[in-house]
Peer 1: 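Sending over a structure as structure tokens; questions will come in a sec.
Residues take their numbers from the sequence shown, with the count starting at 1.
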Amino acid sequence: MPVRLVPVVGTALGLVLVGVLVLGVAVDSPVLAALAGGLLGVAVLAVALDSWRRVRSLRTYLRDEIRASRAPAPPTVAAGPSESDLLGAVQLLQAQYTGRLDRMQAALDDALARAGAQADHDPR
């Protein structure tokens, strides 16, 4: 039976039992009324117990999922840098440092040349 039909069938069964219960009271038949009332009570109890079971299983499922998500992940072994990676990094740093030293030397030579030119020129 498709899941969508379960509530419809359950409601129809409940209405039939209520109708039989009312009919039993109307024709003054206590056996029919008691039987219909008992079956209706059993159906309500079965639905309540099934709901309780589903809630309990959902709680267990969620608790297990939360524990699984909090568990530490297995360590992954990452490959370390190779020798060529390290050599390339060192060469890059060396080139940057040499470039900075060259720019600093050029700026110093330029500043000394300007200071020497100003020393020869006396504005008085």
Peer 1: Enumerate the residue pairs fulfilling salt bridge (Lys or Arg N to Asp or Glu O under 4.0 Å) with a member in residues 17-44, sequence neighbours excluded, ordered by first and then second residue.
Peer 2: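 Output for this query is empty, none listed.
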Peer 1: Could you pull out every donor-acceptor pair under 3.5 Å between side chains of residues 39-47 and any protein atom, sequence neighbours left out?
Peer 2:
none

Peer 1: In residues 96-105, what donor-acceptor pairs under 3.5 Å come from side-chain atoms, sequence neighbours left out?
Peer 2:
| residue | atom | partner | partner atom | Å |
| --- | --- | --- | --- | --- |
| Thr98 | OG1 | Gln94 | O | 2.8 |
| Gln105 | NE2 | Asp109 | OD1 | 3.1 |

Peer 1: Keeping to residues at least two apart or across chains, list the side chain to side chain donor-acceptor pair (under 3.5 Å) pairs with something in residues 55-68.
Peer 2: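 For residues 55-68: none.
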Peer 1: Apart from Leu92 itself, which Ile, Leu, Val, Met, Phe, Trp or Tyr residues share its cluster (side-chain heavy atoms under 4.5 Å, direct or through members)?
Peer 2: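 Hydrophobic cluster check, Leu92: no partners found.
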Peer 1: Under the rule for side chain to side chain contact (heavy atoms under 4.5 Å, CB included), what residues qualify as partners of Val22, not counting sequence neighbours?
Peer 2: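 With sequence neighbours excluded, Val22 shows a side chain to side chain contact (heavy atoms under 4.5 Å, CB included) to Val18, given in chain and number order.
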Peer 1: Check which hydrophobic residues are tied to Leu23 through side-chain heavy-atom contacts below 4.5 Å, counting indirect links as well, and list them.
Peer 2: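 Hydrophobic cluster check, Leu23: joined to Val27.
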Peer 1: Which heavy atom of Ala33 sits nearest a heavy atom of Val25, and at what distance?
Peer 2: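 Result for this residue pair: CB-CG2, 3.9 Å.
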Peer 1: How does the hydrophobic cluster around Leu108 look, that is, which other residues are in it when side-chain heavy atoms under 4.5 Å mark a link?
Peer 2: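 Via sub-4.5 Å side-chain contacts, Leu108 links to Leu112.
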Peer 1: Who pairs with Arg54 by salt bridge (Lys or Arg N to Asp or Glu O under 4.0 Å), at least two apart in sequence or on another chain?
Peer 2: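 So Arg54 forms a salt bridge (Lys or Arg N to Asp or Glu O under 4.0 Å) with Asp50.
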Peer 1: With clusters built from Ile, Leu, Val, Met, Phe, Trp and Tyr whose side-chain heavy atoms come within less than 4.5 Å, directly or transitively, what are the remaining members of the cluster of Leu15, listed by chain and number?
Peer 2: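 None, because no other hydrophobic side chain comes under 4.5 Å of this residue.
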Peer 1: Quick one: side chain to side chain contact (heavy atoms under 4.5 Å, CB included) partners of Leu32, sequence neighbours excluded?
Peer 2: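 Per chain and number, Leu32 pairs via side chain to side chain contact (heavy atoms under 4.5 Å, CB included) with Val20, Ser29.
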Peer 1: Tabulate below the donor-acceptor pairs under 3.5 Å that side-chain atoms of residues 81-90 make, not counting sequence neighbours, or state none.
Peer 2:
| residue | atom | partner | partner atom | Å |
| --- | --- | --- | --- | --- |
| Ser82 | OG | Ser84 | OG | 3.1 |
| Ser82 | OG | Asp85 | N | 3.4 |
| Ser82 | OG | Asp85 | OD2 | 3.3 |
| Asp85 | OD2 | Ser82 | N | 3.3 |

